Q: 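The structure is given below, and queries will be raised subsequently.
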Amino acid sequence: MEAGKLDFYISMTHFLGAALGPRYEIVLHILEDKNSYIASIVNNQVSGRTTDSPLTSFALDLIKSEEYKKRDFVSNYKAKIKTGATVQGSTFFLKDSLGKLEGMLCINTDFSKHIELAHSILELANINSDSLDNRNVSPAHLTSNKVVALDNYVPEEVVEVLSDNISDIIEEVVDPTLFDEGYTISQERKIELVELLDKKGVFQIKGSISQVASVLNVSESSVYRYLKIISKR
């Protein structure tokens, strides 16, 4: 992304954060060849993430599936933060004049105070508020200016986990119990797991090679070798 355009989007991130308020986390993801990073994040107390945090597996899925070619944004989906609470997320795809994806501008909204207020109002009116239990966000559904919902999307499901480290993203794809003490994983199985992570786009995240190597208990050179084997299949 050109420096001038990047500066503009960073300013936009700060503007939206100031205008919407502290319960709206604004995140600017920048995508480059074989790399992605958070260029700016405002009101990050919502999720606890920083500019060092990785892309989520949901965001990686959007990129891998080239969802940005079908629509300009997805909105009002559920995301889970590390405390276990849910927030409402929306993502706008940043594309160049040729339609190539350059980044994503995301808004994660904490509606917890709204829900507490709704409970209080219903209690004052002596109305049962059970219908609001376990719902930290408004009714969630993915929408865009072109379509109503993503394929196979279930409205009440949490579709994104907002994590501040790559290991959590990897463990969304690879079951960590596979590496419990006493279990032996064959090289072919490790290659299969690396291929699965590659298909998910995990290796677009900076620092992912060393993290995957640690999870698989192999060297970084082994991970590179596995990726080379996969590319020849």
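Reckoned from all heavy atoms, side chains included, excluding hydrogens, waters and symmetry mates. Given the structure is predicted, the values throughout are model-derived calculations rather than measurements.
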Q: Is it possible for you to say whether Leu60 and Val215 belong to one hydrophobic cluster, with membership spreading through side-chain heavy-atom contacts below 4.5 Å?
A: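 Yes, same cluster.
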Q: Got a second to check how far Leu94's CG is from Lys5's NZ, nearest 0.5 Å?
A: 8.5 Å
Q: Can you tell me if Lys199 has over 12 outside heavy atoms packed within less than 6.0 Å of its NZ?
A: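 Counting other residues, nucleotides and ligands, NZ of Lys199 stays at 12 neighbours or fewer.
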Q: State, yes or no, whether a side-chain contact exists between Asp72 and Phe93 at a heavy-atom distance under 4.5 Å.
A: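 No, too far: nothing below the 4.5 Å cut-off.
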Q: What are the two closest heavy atoms between Arg49 and Ile41, and how far apart are they?
A: O-CD1, 3.9 Å
Q: With heavy-atom distances below 4.5 Å as the criterion, would you say the side chains of Ser112 and Arg23 are in contact?
A: yes
Q: Is the closest side-chain heavy-atom distance between Ile26 and Ile107 below 4.5 Å?
A: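 Yes, at least one pair of side-chain atoms sits under 4.5 Å.
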Q: From Met104 CE over to Leu55 CG, what is the distance, rounded to the nearest 0.5 angstrom?
A: 5.0 Å
Q: Compare all side-chain heavy atoms of Phe203 with those of Leu197 and state whether any distance is below 4.5 angstrom.
A: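 Yes, side chains in contact.
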Q: Considering residues, nucleotides and ligands other than Gln45, do more than 12 of their heavy atoms fall under 6.0 Å from its CD?
A: yes
Q: Would you give the length of the straight line joining atom CD of Glu195 to atom CD of Glu188, rounded to the nearest 0.5 angstrom?
A: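 Nearest 0.5 Å value for the CD-CD distance: 9.0 Å.
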Q: Can you find a heavy atom in the side chain of Tyr226 that is under 4.5 Å from one in the side chain of Leu193?
A: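 Result no, sub-4.5 Å side-chain heavy-atom pair not found.
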Q: For Gln88, run the side chain to side chain donor-acceptor pair (under 3.5 Å) check against Asn76, Asn108, Asp110 and tell me which one passes.
A: Asn76
Q: Do Thr13 side-chain atoms and Tyr9 backbone N/O form a donor-acceptor pair below 3.5 Å?
A: yes
Q: Is it possible for you to say whether Val202 and Val218 belong to one hydrophobic cluster, with membership spreading through side-chain heavy-atom contacts below 4.5 Å?
A: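 As far as the 4.5 Å side-chain criterion goes, Val218 and Val202 are connected within one cluster.
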Q: Would you give the length of the straight line joining atom CD of Gln187 to atom CZ of Arg225, rounded to the nearest 0.5 angstrom?
A: 6.0 Å
Q: Indicate yes or no for a side-chain donor-acceptor contact from Asn43 to the backbone of Gly17 under 3.5 Å, with no hydrogens or angles considered.
A: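 Flag set: sc Asn43 to bb Gly17 pair under 3.5 Å.
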Q: Taking atom NZ as the centre, does Lys64 end up with more than 12 heavy-atom neighbours from other residues, nucleotides or ligands that are less than 6.0 angstrom away?
A: yes
Q: What pair of heavy atoms forms the shortest contact from Ile10 to Ala39, and how long is it?
A: CD1-O, 4.4 Å
Q: The test is side chain to side chain contact (heavy atoms under 4.5 Å, CB included); show your working for Lys190 and Val194 and say whether it passes.
A: CA-CA 6 Å; Lys190 289 178 180 179; Val194 168; 5.5 Å; no
Q: Are Val27 and Leu16 linked, directly or through other ILVMFWY residues, by side chains that come within less than 4.5 angstrom of each other?
A: no
Q: If you measure from CG on Leu101 to NE2 on His29, what distance do you get to the nearest 0.5 Å?
A: 11.0 Å
Q: Gly99 and Lys95: which non-hydrogen atoms are nearest, and at how many Å?
A: O-CD, 3.7 Å
Q: Indicate, with yes or no, if Ile63 and Val74 share a hydrophobic cluster defined by side-chain heavy-atom contacts under 4.5 Å among Ile, Leu, Val, Met, Phe, Trp and Tyr.
A: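 Yes, one cluster joins them.
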Q: For Phe58 and Tyr77, take the angle between the two ring planes, folded into 0 to 90°, and tell me which bin it lands in: parallel under 30, tilted 30 to 60, perpendicular over 60.
A: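 Correct class here is tilted.
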Q: Where do His14 and Ser40 come nearest, in terms of heavy atoms and distance?
A: NE2-OG, 3.4 Å
Q: Less than 4.5 Å apart, side chain to side chain, heavy atoms only: is that true for Asn44 and Thr51?
A: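 No, side chains not in contact.
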Q: Just verifying a value: how many Å separate Ile30 CD1 and Glu102 CD, rounded to the nearest 0.5 Å?
A: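 Nearest 0.5 Å value for the CD1-CD distance: 7.5 Å.
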Q: Applying the 4.5 Å side-chain criterion to the ILVMFWY set and letting contacts propagate, would Leu20 and Leu117 be lumped into a single cluster?
A: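 Result: no, two separate clusters.
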